[in-house]
There are 2 protein chains.
Amino acid sequence: MFTQSEENYLKAIFHLQEEAEKGVSTSSLSEELSTKAASVTEMLKRLAEKNLVDYQKYYGVHLTAKGKKQALAIIRKHRLWESFLVERLNFNWDEVHEVAEQLEHIKSPKLVEELDKFLARPDYDPHGDPIPDADGNMPKAPKKRLSQIKEGEKAICKGFNDNSSSFLQFLAKHKIGLDTKLKVLQIESFDESMNILVNQKEVLLSKTATDNIYVEDLKTT
Amino acid sequence: MFTQSEENYLKAIFHLQEEAEKGVSTSSLSEELSTKAASVTEMLKRLAEKNLVDYQKYYGVHLTAKGKKQALAIIRKHRLWESFLVERLNFNWDEVHEVAEQLEHIKSPKLVEELDKFLARPDYDPHGDPIPDADGNMPKAPKKRLSQIKEGEKAICKGFNDNSSSFLQFLAKHKIGLDTKLKVLQIESFDESMNILVNQKEVLLSKTATDNIYVEDLKTT
DNA sequence: ATTTATTTTTAGCTTTGCCTAAAAAGTTAT
DNA sequence: ATAACTTTTTAGGCAAAGCTAAAAATAAAT
């Protein structure tokens with residue numbers, strides 16, 4: 001069907017498309033995939049040939065319906081495997097990413113369906129990201145960033161936007177994970193860094209960090 | 001580490017090395033892998049370069065210690081995944097092969113170890129083949145072929161040597177699986193085909209078939 | 001509105017792994 | 001032992017996916 005490389009491009013385009021509504025640029029893909037821009041251009045032409053993207057020279061790409069469907073199928077597999085690794089194989093949620101990156105390319109519709117069933121059809125993966133269903137529908141998470149919480153309020157962690165190992169390990173060090181409860185003690189106005197109470201301890205988080213932590217309000221109490 | 005293609009060659013060499021004690025020939029590999037002989041030659045040179053095989057032009061290859069270790073690691077993964085698919089994900093044992101062929105190339109020592117643990121460290125896969133441990137040691141199965149059983153004796157199925165879909169489906173049709181009990185009713189002397197009693201029914205099996213079914217004697221009764 | 005800087009594309013090269021066709025080595029048969 | 005056959009290797013190509021360096025297009029700045 002599609003090569004692993006093609007699938008990686010589709011996934012990357014999908015993710016980059018979420019933020020900017022514009023076409024996804026060659027350079028952003030180049031960065032995301034750690035591949036030289038020249039190689040990206042080449043691949044975009046190939047993907048356009050296969051009707052997976054709309055590609056306009058010098059103006060980036062958009063996924064077509066076909067490409068989007070494929071991207072969602074890969075993301076579905078990635079997140080199901082991450083769930084499996086954490087929930088059944090004792091992986092920590094900060095060490096599943098690279099393995100899931102390999103597993104997501106396994107081709108077997110039955111495997112995906114049975115895995116989903118085996119895991120009791122989860123809606124979210126261990127990072128709190130929604131898992132698309134077999135038709136590509138995302139369970140919509142009304143996501144709020146920690147950076148949007150006001151001083152004195154409490155919240156509960158529901159996801160993380162940065163899958164880099166260093167960020168995840170930073171979180172682990174402070175015992176911040178899914179469903180961890182936080183209280184915003186104080187916000188520095190000059191850099192928007194936050195003083196947080198978590199596990200009875202104070203932690204200082206930069207704006208970069210709080211932008212990448214998704215939470216739900218915790219009105220109770 | 002190694003490419004998927006390299007791993008497939010190592011596995012194939014390992015399997016072919018079992019029967020013939022001679023070096024494994026280019027043509028047998030060509031057949032086993034459905035690849036042209038010229039391509040095989042090329043790959044053998046590459047594997048020799050990496051010290052995975054001893055290669056003598058025109059006289060085939062042997063695995064080195066390093067190559068054998070690697071082959072066993074792949075076989076271990078293949079068989080563990082097959083066990084997982086059958087025992088946890090409701091796959092039939094005649095439909096796991098192709099998927100396992102993909103999964104065996106996933107690189108993650110932790111994944112293999114955890115999977116093994118999760119499955120309670122099985123000794124045999126769903127086809128009855130032994131699963132090497134982390135050090136490459138095979139739980140030795142004192143295997144006997146159905147073709148070696150005498151008229152009137154009973155036996156119990158412990159494995160199958162041919163993973164082709166058609167053979168496995170043939171077995172499934174007659175409800176012959178792991179731990180199925182058989183009785184040898186009669187042996188045709190001219191072609192060594194056997195009349196077998198299985199599930200209260202008579203089935204005629206060719207010598208080719210009985211050579212590929214591993215059994216244990218069933219003295220009890 | 002040109003010049004300057006940045007981004008993107010083209011052109012040409014590399015590696016992996018496969019292919020076909022032809023040459024060379026090994027094997028078998030007379 | 002030489003001829004005939006089979007197997008293996010060499011030679012030369014091709015596609016995927018990456019790279020560098022140079023050219024072209026777009027965007028920014030004076």
Side-chain angles (χ1 to χ4, degrees), chain A residues 1-13 16-17 19-63 67 70-71 74 98 101-102 104-105 107, chain B residues 1-13 16-17 19-63 67 70-71 74 101-102 104-107:
Chain A
M1 214 60 183
F2 304 107
T3 67
Q4 293 202 187
S5 202
E6 286 169 342
E7 293 188 344
N8 287 335
Y9 274 86
L10 292 176
K11 199 173 47 136
I13 296 167
L16 293 171
Q17 204 169 248
E19 3 248 87
E21 269 312 300
K22 317 256 84 189
V24 175
S25 70
T26 300
S27 53
S28 62
L29 278 166
S30 163
E31 164 138 32
E32 175 86 1
L33 296 163
S34 306
T35 302
K36 290 291 141 73
S39 310
V40 173
T41 299
E42 245 191 318
M43 179 59 99
L44 295 185
K45 284 195 278 189
R46 238 173 299 157
L47 294 175
E49 201 62 45
K50 296 189 179 188
N51 286 308
L52 293 164
V53 298
D54 289 323
Y55 171 49
Q56 301 215 130
K57 272 190 184 177
Y58 294 101
Y59 293 92
V61 282
H62 287 275
L63 290 176
Q70 191 57 30
I74 301 156
E98 305 87 64
E101 207 106 272
Q102 297 179 60
E104 72 191 4
H105 299 294
K107 279 151 188 72
Chain B
M1 213 64 181
F2 305 106
T3 67
Q4 294 203 185
S5 203
E6 286 168 343
E7 293 189 344
N8 287 334
Y9 275 87
L10 292 176
K11 198 173 48 137
I13 296 167
L16 292 171
Q17 204 170 248
E19 3 248 88
E21 270 310 300
K22 317 256 84 188
V24 175
S25 69
T26 300
S27 53
S28 62
L29 277 167
S30 163
E31 164 138 35
E32 176 86 2
L33 296 164
S34 307
T35 302
K36 289 293 142 74
S39 309
V40 173
T41 299
E42 246 191 317
M43 180 59 98
L44 295 185
K45 284 194 276 189
R46 239 174 297 158
L47 293 175
E49 200 63 45
K50 296 188 178 186
N51 286 309
L52 294 164
V53 298
D54 289 324
Y55 171 48
Q56 301 214 129
K57 271 190 188 178
Y58 295 100
Y59 293 91
V61 280
H62 288 275
L63 290 176
Q70 191 57 31
I74 300 156
E101 208 106 274
Q102 298 178 60
E104 73 190 4
H105 299 295
I106 302 292
K107 280 152 186 73

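Lettering of chains follows the sequences in order, A, B, ..., and the numbering in each one begins at 1.
With hydrogens and angles ignored, the 3.5 Å screen pairs no side-chain donor or acceptor of Q70(A) with any backbone N or O of L10(A). Side chain of K107(B) to main chain of H105(B): a donor-acceptor pair is present (N/O by atom type, distance under 3.5 Å, no hydrogens or angles).
For S5(B), the listed nucleotide lying nearest its side chain is dC18(C); candidates were dA17(D), dC18(C), dT9(D). Minimum atom distance to the side chain of K36(A) is reached by dT20(D), of the listed dC18(C), dT20(D), dT10(C). The side chain of R46(A) lies closest to dA17(D), out of dA17(D), dT8(D), dT10(C). For T26(A), counting side-chain heavy atoms from C-beta on, the closest listed nucleotide (dT20(C), dT8(C), dT8(D)) is dT8(C). The side chain of M43(B) lies closest to dC18(C), out of dC18(C), dT7(C), dT10(D).
Between the CG atom of L44(B) and the C1' atom of dC18(C) there is a distance of 14 Å, rounded to whole Å. If you measure from atom CD of E42(A) to atom P of dT20(D), you get 13 Å, rounded to the nearest angstrom. For the pair K45(B) NZ and dT9(D) P, the interatomic distance rounds to 8 Å; values are reported in whole Å. One can place CG of L29(A) at 14 Å from P of dT7(C), the figure rounded to the nearest angstrom. Remark: P of dA17(D) and NE2 of H105(A) are 12 Å apart, rounded to the nearest angstrom. Distance OH (Y55(A)) to P (dA25(D)): 13 Å, rounded to an integer number of Å. Look at CD on E7(A): it is 11 Å from P on dA17(D), rounded to the nearest Å. Whole-Å rounding puts the E31(B) CD to dT6(D) P distance at 16 Å.
Looking at which nucleotide of DNA chain D each of S28(B) and E6(A) is closest to, the 5′-most match is held by S28(B). Nearer the 5' end of DNA chain C, as judged by each residue's closest nucleotide, is the contact made by S39(A), out of T35(B) and S39(A).
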For nucleotides 25-27 of chain C, list the nitrogen or oxygen atoms of the protein found under 3.5 Å from its nitrogen or oxygen atoms, one pair per line.
residue	atom	partner	partner atom	Å
dA25(C)	O4'	Y58(B)	OH	3.1

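For the pair E32(B) and K11(B), the salt-bridge criterion is not met [side-chain N within less than 4.0 Å of a carboxylate O].
A sub-4.0 Å separation between OP1 or OP2 of dG17(C) and a side-chain N or O of T3(B) is present.
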